Each structure stands twice: as structure tokens, then as C-alpha cells.
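Everything below concerns the one structure shown next.
Numbering starts at 1 and runs along the sequence shown. Atoms within each ligand, like the ligands themselves, are counted from 1 in listed order. Bear in mind the structure is a predicted one, so any value in this text is a computation, not a measurement. Note that these values count all heavy atoms, side chains included, but never hydrogens, waters or copies made by symmetry.
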Amino acid sequence: MVTGTGSEASAANDPAVGMSGLDPLDWDRLRRLGHRMVNDVFAHLESVRSHRVWTPVPDSVRERLLTPLLENGIGEEAAYSEFLRDVMPYGIGNVHPRFWGWVIGSGNPLGALGDLLAAGMNATASGLAGSPPLVEAQVLDWLRELLGYPVGTSGILLSGGSMANIVGLAVGLNERAGFDVAQEGLARAPRAPVLYASSQTHCSVERGVRLLGLGSRGLRKIPVDADFRIDLEALETAIARDRVAGRQPWAIVGNAGTTNTGAFDDLTALADLAARERLWLHVDGAFGAFAALVPELSPLVRGIERADSLAFDVHKWMVAPIEAGGVFVRDADAHRRAFAVAADYLSPMPGGLGQPDIPFSALGPQLTRGFKALKVWLALKAHGVRPYAELVRRNVQQARLLARLIDDTPQLELMAPVPLNVVCFRFHLPGAGDRALDVLNRSLVVRPQEGGVAAPSHTTLHGCFVIRACITNHRTRDEDLELFVREVVRIGTELGGD
Ligand SMILES: *Cc1c(COP(=O)(O)O)cnc(C)c1O
């Protein structure tokens with residue numbers, strides 16, 4: 001039984017705690033295990049350059065990961081040993097200096113400790129009073145300033161860019177569908193709502209329109225120019241045609257850094273068009289928005305401050321431990337309108353826990369929310385802005401270096417412009433057709449991954465399979481890219497090169 005402040009109710013004399021075993025009987029033992037965990041994780045990160053980038057999960061491990069849950073546990077130390085044996089060695093490799101697949105950040109050790117602290121507090125940044133919403137608000141203020149988004153706008157941290165796109169579009173739909181979507185629902189839509197985005201837009205936007213009940217057909221994919229930027233004329237034509245056909249254009253998605261090639265749509269032109277047509281402008285800046293940190297790159301993001309909503313990721317180029325992303329919304333009332341619902345058990349109180357500074361749970365789909373802000377807050381406070389700006393600048397220089405190495409290698413062919421940190425290329429054989437090259441280049445993605453040497457990913461551009469490297473990695477050195485090019489040429493030559 002707990003009496004007084006609780007300090008005298010130690011685990012040892014509290015039978016309930018002792019029986020559950022969820023708090024340790026011996027805190028010192030768990031503390032020692034915790035120290036071992038920190039040592040092991042940091043040792044792994046410290047020596048990561050000497051490891052393979054990626055190792056396939058062996059069958060023996062797969063089998064052990066299929067065993068059923070036990071009635072009686074094996075204990076903390078034994079469970080941790082299984083983690084060391086079966087889990088830790090088989091991550092996806094994105095902490096390694098030669099991981100450049102998809103768009104995945106390299107994480108940071110201090111941020112990892114931030115997640116430990118957040119979990120230790122077991123904090124939720126929901127609708128309750130306490131430090132978590134204040135820390136989140138401060139992180140949002142810092143990010144707003146870094147990205148050049150207007151002061152006094154609304155925002156929320158989310159799991160990542162996908163949720164950020166969905167939340168931004170949910171607010172936009174509510175504001176611009178031409179009727180009260182929040183109350184009436186799409187079943188009452190007088191005209192079919194249509195959203196516009198370039199063919200290079202991230203798939204989470206399409207998933208978003210599905211979740212919003214608009215279906216994939218509610219998204220009009222607009223062609224791009226030779227630089228993979230949205231074709232503004234085609235966009236205007238599509239909007240005009242839909243209006244004539246009695247549909248309801250409601251939003252444009254602009255890209256600040258496409259996943260395929262890092263292309264930037266002309267955001268100023270999109271903002272002008274959206275204003276003329278009274279459409280919502282949502283900008284997907286998942287990683288590209290952070291070009292704003294580097295003065296030489298900032299022309300790319302010109303106009304981003306005019307977005308009605310702006311999606312960004314913190315776990316990509318800002319290398320926060322996964323998950324962390326967010327969205328800014330220019331009109332704070334619109335943001336609230338989209339998500340506010342009444343519940344007796346959440347009604348505001350004159351004080352106490354029920355009087356939060358910022359009720360973040362009313363600005364997104366989640367009620368109980370992890371304290372993601374803490375790992376970001378801790379890292380930004382400890383490191384300051386400078387290392388992040390340098391990271392963006394260096395990764396962009398490294399992408400240019402990789403493009404030069406490709407240009408200088410007769411067997412390799414650059415397949416897209418490199419406006420930012422994404423490089424798409426392929427191995428070329430004189431006289432070979434595109435389909436034969438597709439087969440060869442598939443192997444040139446898989447072989448370096450399976451060899452543990454490097455982890456590029458892949459995509460398709462103009463119908464051709466290409467090798468793709470997206471550098472959002474603070475551990476990459478120039479020599480890693482040189483090694484990668486040598487490896488691709490070596491394997492390509494072995495598989496059928498001249
Ligand atoms: C990664 C990415 C997303 C999705 O973000 P997640 O954090 O993976 O959910 C959206 N848009 C772009 C441009 C991206 O690169």
C-alpha cells in the first residue's frame with residue numbers, strides 16, 4: 001500500500017510491485033544493464049564504418065523471431081542477449097556512412113538518448129498541461145525560423161512526411177472543398193473535389209487522398225518538364241478543364257525536393273496560381289525544405305513561405321532518430337477547425353492538468369502522442385544550427401562530386417539533373433537496349449547491398465531503371481562515393497561490361 005510521498009514505498013516492501021516484476025526488484029541490476037546497452041549502442045555507432053552496410057537476416061534468426069510468447073519471461077539480461085544476437089546486427093544499415101537508399105536519415109546518438117529520456121518520462125504531448133507541449137512549441141518555433149515559414153503560424157510534430165502531407169491536405173480540403181467537409185462529409189459534396197500534383201510527387205500524397213475519401217482519381221497527376229518540375233501550363237489547363245466539367249479544384253501540392261531526383265517545383269509560380277484560383281497550396285518539403293539552411297541553396301525554396309501548409313521531415317536530413325516530422329499551417333484557425341471535436345472528458349478546465357498551453361492533440365489525428373520533440377530539442381540545443389547547415393551543404397557538394405565521377409566514367413551515365421542531393425545514373429553498355437540495361441542495373445543495386453559495400457536504392461525515370469543515391473548522411477566521406485563508383489563499375493564490367 002502506498003502512503004505519504006511514495007518514497008518509503010520501495011519496490012522491496014511493496015508486494016504489488018514485486019509481484020508484477022515490471023519495476024525491477026533490484027534497480028542497480030537494471031541500471032547496470034542500461035549502462036551496458038548504452039555502451040553497446042555507442043560502440044556500434046563508433047565503429048560503424050568498419051561494418052558491412054547491410055546484412056540479410058539469416059534463416060536461423062528468422063526462425064527464432066517466430067517463437068511464441070512465453071508464460072514466464074527469460075529475464076532482462078537474457079532478453080537483451082537475444083536482442084544483441086538477433087536484432088541489432090540486422091538493421092537496414094542507415095547508420096552506415098555508405099547508406100544512400102530512399103530518403104533515410106543517419107540518426108544521431110544524442111537524439112537517441114533523447115528518445116530514452118522521453119520514454120523514461122513516459123511523456124505524452126497531448127492535451128494536458130506540462131513541459132512536453134512547451135518543448136514541442138519551442139522546437140516548432142526553431143524549425144519555423146530555419147525554414148523561413150512565417151512566425152505565428154500553427155504547426156504540429158508528426159511521425160514523418162507522410163502524416164504531414166495527410167494532415168496538411170486534411171486542413172486544406174476542409175477549407176477549400178466548397179462546403180463544410182468536417183460536418184457534412186464527402187458524401188454531401190456538391191462537386192467532386194480534385195487535387196493537383198506533379199507526376200513526381202511522393203506516393204504519400206496519393207495515400208492521403210485515399211484516406212481523405214477522395215480516391216486516387218481525386219488526384220490529378222500533372223506532367224513534368226525535362227528537369228522533373230511541374231509543367232505549369234499543363235497544370236493551368238487541367239484546372240480550367242475540371243472547372244468546366246463541374247468539378248471542384250481545391251488544392252495544389254508543390255514539391256520542394258522530389259524523392260526521385262530532388263527537383264523543386266517553381267513554388268512562387270504555384271503560390272501565384274493558387275492565389276488566383278483560390279486553391280490551397282500544400283508544399284511537400286520532406287527533405288528539400290532544409291535547403292533553406294544554406295544561403296547558396298535558398299533560391300530553390302523561394303516561395304515556400306507562401307504555402308498554406310508545409311510538410312517537413314526531421315528524421316531525414318536533420319538526422320533525428322526516426323520518427324519525427326511535422327507540418328506547418330499558415331491559418332491557425334483552419335488548422336483547429338479540421339481536427340477539433342468535442343469530448344466531455346477532454347473539456348478545458350480552469351487549472352490543473354486540464355489547462356494545457358497548446359492542446360496539440362486537437363491539431364492532428366492522435367490523442368496520446370509520443371514526446372518526439374525532446375530528441376529534436378536536445379540535439380538542436382546541444383549542436384546549434386551550424387552543423388546541420390554544414391551537413392546539408394556537404395551532402396549537396398557530395399552529390400555534385402558523385403555526378404562528376406559518373407560524368408568522368410565512360411561506362412556510367414547520369415540520368416537526371418542534380419539540383420540537390422539525389423543522383424540517378426546507370427551503367428551503360430554500347431549497343432544494349434533499355435530493357436537489357438534495366439536487368440543489368442537491377443543487379444548493380446542489389447549486389448552492392450548484398451555485398452555489404454553500399455546501399456543505393458533505385459527508381460524509374462523516363463521508363464528506364466536507374467540506380468539512385470540520396471545523400472542525407474552526416475557520416476559519408478567523399479572517399480565513400482569514390483569507392484561506390486569503383487564497385488559499380490567493377491560489378492557492371494563483370495556482369496557484361498566491355
Ligand atoms: C520521405 C518522403 C515523404 C514521406 O515521409 P515519411 O517520413 O517517410 O513518412 C514524403 N515526401 C517526400 C518528398 C519524401 O521524400
Side-chain angles (χ1 to χ4, degrees), residues 92 94 99-107 111 143 147 155-170 172 195 197-212 219 221-222 224 228-230 251-265 267 270 281-292 300-301 304 307 309-328 364-366 369-370 372 375-376 392 395-396 399 416 418-424 455-459 461 468-473:
I92 65 160
N94 56 316
F99 188 100
W100 307 300
W102 300 272
V103 191
I104 309 186
S106 38
L143 292 171
L147 297 179
I156 184 170
L157 291 183
L158 297 157
S159 56
S162 300
M163 276 309 297
N165 283 334
I166 290 168
V167 166
L169 291 174
L195 167 74
S198 91
S199 61
Q200 296 294 304
T201 302
H202 192 265
C203 61
S204 57
V205 168
E206 182 165 347
R207 187 174 288 131
V209 297
R210 286 192 189 178
L211 287 176
L212 292 172
L219 168 63
K221 291 183 185 169
I222 306 298
V224 290
F228 298 96
R229 298 151 56 98
I230 193 165
I252 303 170
V253 174
N255 285 302
T258 61
T259 310
N260 268 346
T261 68
F264 285 76
D265 293 333
L267 300 177
L270 288 183
L281 176 63
H282 174 80
V283 171
D284 180 355
F287 61 101
F290 292 94
L300 291 170
V301 293
I304 207 168
S309 49
L310 169 63
F312 57 89
D313 260 315
V314 198
H315 59 205
K316 287 178 173 172
W317 228 347
M318 293 297 99
V319 300
I322 294 162
E323 301 169 346
V327 67
F328 292 127
Q366 272 181 283
R369 306 171 59 243
K372 298 180 199 341
K375 62 191 167 195
V376 183
V392 171
N395 282 171
V396 171
V418 181
L420 200 65
N421 61 334
V422 186
V423 183
C424 293
S457 65
H458 61 276
T459 192
L461 298 177
R468 177 177 166 284
C470 174
I471 314 173
T472 47
N473 191 325

(message) Tell me every residue that passes ring pair (Phe, Tyr, Trp, His ring centres under 6.0 Å) with His458, counting only those two or more places apart in sequence or in another chain.
(response)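 With sequence neighbours excluded, His458 shows a ring pair (Phe, Tyr, Trp, His ring centres under 6.0 Å) to Phe465, given in chain and number order.
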(message) If the condition is ring pair (Phe, Tyr, Trp, His ring centres under 6.0 Å), which residues does Trp317 pass it with, not counting sequence neighbours?
(response)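 Once residues adjacent in sequence are excluded, Trp317 has no partner under the ring pair (Phe, Tyr, Trp, His ring centres under 6.0 Å) criterion.
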(message) Hydrogens and angles aside, do Thr201 and Asn255 bring a side-chain donor and acceptor to less than 3.5 Å of each other?
(response)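 A donor-acceptor contact under 3.5 Å links the two side chains.
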(message) Going by the rule salt bridge (Lys or Arg N to Asp or Glu O under 4.0 Å), which residues pair with Arg468 if we only count those two or more places apart in sequence or in a different chain?
(response) none
(message) Quick check on side chain to side chain contact (heavy atoms under 4.5 Å, CB included): which of Val422, Thr258, Ile104 does Phe287 satisfy it with?
(response) Val422
Can you produce the list of protein nitrogen or oxygen atoms under 3.5 Å from a nitrogen or oxygen of ligand 1, alongside each distance?
from     : atom 1 : to     : atom 2 : distance (Å)
ligand 1 : 5 (O)  : Gly161 : N      : 3.2
ligand 1 : 5 (O)  : Ser162 : N      : 3.3
ligand 1 : 5 (O)  : Asp313 : OD2    : 3.2
ligand 1 : 5 (O)  : Lys316 : NZ     : 3.3
ligand 1 : 7 (O)  : Gly161 : N      : 2.9
ligand 1 : 7 (O)  : Asp313 : OD1    : 2.9
ligand 1 : 7 (O)  : Asp313 : OD2    : 2.9
ligand 1 : 7 (O)  : His315 : NE2    : 2.8
ligand 1 : 9 (O)  : Gly161 : N      : 3.4
ligand 1 : 9 (O)  : Ser162 : N      : 2.8
ligand 1 : 9 (O)  : Ser162 : OG     : 2.7
ligand 1 : 11 (N) : Asp284 : OD1    : 3.3
ligand 1 : 11 (N) : Asp284 : OD2    : 2.6
ligand 1 : 15 (O) : Thr259 : OG1    : 3.2
ligand 1 : 15 (O) : Lys316 : NZ     : 3.0

(message) To the closest 0.5 Å, what do you measure between CD1 (Ile156) and NZ (Lys372)?
(response)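 The distance works out to 9.5 Å.
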